There are 2 protein chains.
Amino acid sequence: MPVSKKDDFTKDEVWLADICKSLSHPARIKILKILTELNSCVVGSIVDQLPLAQATVSQHLKELKRVGLIEGEIDGPRVCYCVDNKLLIKAKKQLDKLFTTIGCC
Amino acid sequence: MPVSKKDDFTKDEVWLADICKSLSHPARIKILKILTELNSCVVGSIVDQLPLAQATVSQHLKELKRVGLIEGEIDGPRVCYCVDNKLLIKAKKQLDKLFTTIGCC
DNA sequence: TTCATTTATCGTATATTTACGATGAACGAT
DNA sequence: ATCGTTCATCGTAAATATACGATAAATGAA
C-alpha cells in the first residue's frame with residue numbers, strides 16, 4: 001500500500017516557488033531591468049517602456065512588491081520604485097542552492 | 001488572459017519567464033529534487049512523495065516537460081523521468097545573466 | 001480653492017492554473 | 001484473451017492571473 005503523504009513542502013520550496021512566480025512574466029523581468037537601467041524609477045517612466053496600460057503595470061509592480069523584490073517610495077505625487085538588493089541576493093542564493101541540489105553546475 | 005502581449009518582449013525575457021513559471025509551484029521544485037535524489041525516476045515513486053493525486057502530479061510533470069526541464073522515457077508500463085541537465089545549465093546561465101544585469105552579485 | 005498630474009484600486013472580462021475523480025491506453029503477467 | 005498495474009488525458013470546478021477603462025486619492029501648481 002502507498003506510503004502516507006503527510007509530507008508538506010518545505011518553507012524554502014514555497015518561498016522560492018513564490019519568487020519564481022513573481023518572475024514568471026516577461027513584463028516583470030523587464031521592469032526589474034528598467035529599474036536598474038534608469039536613473040529615475042518613477043512609475044510613469046516604466047509605463048513608457050512597456051506595451052501595457054498603466055493599470056496593468058501597476059498590477060505587475062504590486063506583484064513584485066508582494067514578494068519584496070522591489071520597494072516603492074512616495075515622492076510627491078509620484079512613486080519611485082527600486083530593487084531591493086538584499087532580497088535579490090537571497091533569491092539568487094536560494095536559486096543557486098536549488099540548482100546545486102538538482103545536480104547542475 | 002485577454003490578449004497576450006508577450007510578443008513585445010525579447011525572446012530571452014519570454015523564455016526565462018517561462019522557465020520561472022515552470023518553477024513557480026513548490027510541487028514542481030520538489031519533483032526536480034526527487035528526480036535527483038532517487039535512483040528510480042518512475043512516476044509512481046514521485047507520486048508517493050507528494051501530497052497530491054496522481055493526475056495532479058502528472059500535470060506538473062507535463063508542465064516541466066513542456067519547458068524541457070525534464071524528459072520522460074517509456075519503460076514497459078512505467079515512465080521514467082529525468083532532469084535534462086543541458087537545459088538546466090541554460091536556465092542557470094540565463095538566470096545568472098538576469099541577476100547580473102539587475103545589479104545583483 | 002481649483003485644476004492637472006500621477007499612481008493605486010475597482011470593476012470586469014477572459015485565460016490559465018490547480019486540483020481531483022473517472023476513464024482510456026499501453027504493457028506485462030497469468 | 002483477460003486481468004491488474006501504470007500513467008496520461010478528459011471533464012470539471014474553483015482559484016488565480018492578466019489586461020484594460022474608469023475612478024479615487026494624493027499631491028503640487030496656478
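We name chains A, B, ... by the order of the sequence lines, and we start the count at 1 in each one. Since this is a predicted model, take the numbers as computed values, not measurements. Basis for what follows: all heavy atoms, side chains included, without hydrogens, waters or symmetry-related copies.
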Peer 1: Among A/Lys30, A/His25, A/Lys65, find the residue that satisfies the side-chain contact (heavy atoms from CB on, under 4.5 Å) test when tested with A/His60.
Peer 2: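 It is A/His25; the other options fail the test.
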Peer 1: Looking across every strand, which nucleic acid part, if any, lies under 4.0 Å from A/Glu63 by heavy atom: base, sugar-phosphate, or nothing?
Peer 2: nothing
Peer 1: Toward the 5' end of DNA chain D, which comes first, B/Val57 or A/Ala27, by nearest nucleotide?
Peer 2: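 Mapping each residue to its closest nucleotide by heavy atoms, the 5'-most match is B/Val57.
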Peer 1: From CD1 of A/Ile74 over to P of C/dT9, roughly how many Å is that when rounded to an integer?
Peer 2: 10 Å
Peer 1: Is the phosphate of D/dC20, meaning OP1 or OP2, less than 4.0 Å from a side-chain N or O of A/Thr56?
Peer 2: yes
Peer 1: Grab the CD-P distance between B/Gln59 and D/dA15 for me, whole Å please.
Peer 2: 17 Å
Peer 1: Is there a side-chain contact between B/Asp18 and B/Arg66 (heavy atoms, below 4.5 Å)?
Peer 2: yes
Peer 1: Please state how far atom CG in B/Asp75 lies from atom P in C/dA26, giving the value in whole angstrom units.
Peer 2: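 For the pair B/Asp75 CG and C/dA26 P, the rounded distance is 17 Å.
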Peer 1: Would you list the pairs meeting disulfide bond (SG atoms under 2.5 Å apart) in which at least one residue belongs to residues 17-91 of chain B, sequence neighbours left out?
Peer 2: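 Pairs touching residues 17-91 of chain B that pass the test: B/Cys41-B/Cys80.
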Peer 1: Give a yes/no answer on whether the side chain of A/Lys21 brings an N or O atom under 4.0 Å of OP1 or OP2 in C/dT17.
Peer 2: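 No, A/Lys21 has no side-chain N/O under 4.0 Å of OP1/OP2 on C/dT17.
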Peer 1: Please produce a list of atom pairs where a protein N or O lies less than 3.5 Å from an N or O of nucleotides 3-8 of chain C.
Peer 2:
{"from": "C/dT7", "atom 1": "OP1", "to": "A/Val43", "atom 2": "N", "distance (Å)": "3.3"}
{"from": "C/dT7", "atom 1": "OP1", "to": "A/Val79", "atom 2": "N", "distance (Å)": "3.4"}
{"from": "C/dT7", "atom 1": "OP2", "to": "A/Gly44", "atom 2": "N", "distance (Å)": "2.8"}
{"from": "C/dA8", "atom 1": "OP1", "to": "A/Tyr81", "atom 2": "OH", "distance (Å)": "2.4"}
{"from": "C/dA8", "atom 1": "OP2", "to": "A/Ser58", "atom 2": "OG", "distance (Å)": "2.9"}
{"from": "C/dA8", "atom 1": "N7", "to": "A/Gln54", "atom 2": "NE2", "distance (Å)": "2.8"}
{"from": "C/dA8", "atom 1": "N6", "to": "A/Gln54", "atom 2": "OE1", "distance (Å)": "3.1"}

Peer 1: Starting at atom NZ of A/Lys62, determine the distance to atom P of D/dT18, rounded to an integer number of angstrom.
Peer 2: 13 Å
Peer 1: Could you check how far CD1 of B/Ile31 sits from P of C/dT18, rounded to whole Å?
Peer 2: 11 Å
Peer 1: Find out if a path of hydrophobic residues (ILVMFWY) with successive side-chain heavy-atom gaps under 4.5 Å connects A/Ile89 to A/Leu98.
Peer 2: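 Per the 4.5 Å side-chain linkage, A/Ile89 and A/Leu98 are not co-clustered.
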Peer 1: Please name the residue in the list A/Leu69, A/Val83, A/Ile46 that meets the side-chain contact (heavy atoms from CB on, under 4.5 Å) test with A/Ile31.
Peer 2: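 Checked A/Leu69, A/Val83, A/Ile46 against A/Ile31; only one passes side-chain contact (heavy atoms from CB on, under 4.5 Å): A/Ile46.
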Peer 1: In this structure, how many angstroms lie between the C1' atom of C/dA26 and the CD atom of B/Glu73, rounded?
Peer 2: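 B/Glu73 atom CD is separated from C/dA26 atom C1' by 16 Å.
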Peer 1: Using whole Å, what does the distance between atom C1' of nucleotide C/dT18 and atom CZ of A/Phe9 come to?
Peer 2: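 Whole-Å distance recorded here is 12 Å.
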Peer 1: Rounded to the Å, how far apart are A/His25 NE2 and D/dA17 C1'?
Peer 2: 9 Å
Peer 1: For a quick test of reading the model, state the closest non-hydrogen atom pair linking A/Leu88 to B/Cys104 and the distance between them.
Peer 2: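 It is CD2-CB, 3.2 Å.
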Peer 1: Where the side chain of A/Ala53 is concerned, which of D/dT9, C/dC20, D/dG21 is the nearest nucleotide?
Peer 2: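 It is D/dG21.
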Peer 1: From C/dT18, D/dA19, C/dC20, pick the nucleotide closest to the side chain of A/His60?
Peer 2: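 Side chain of A/His60 sits closest to D/dA19.
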Peer 1: Taking all non-hydrogen atoms of both residues, which atom of A/Asp84 and which atom of A/Gly68 are closest, and how far apart?
Peer 2: CB-O, 3.5 Å
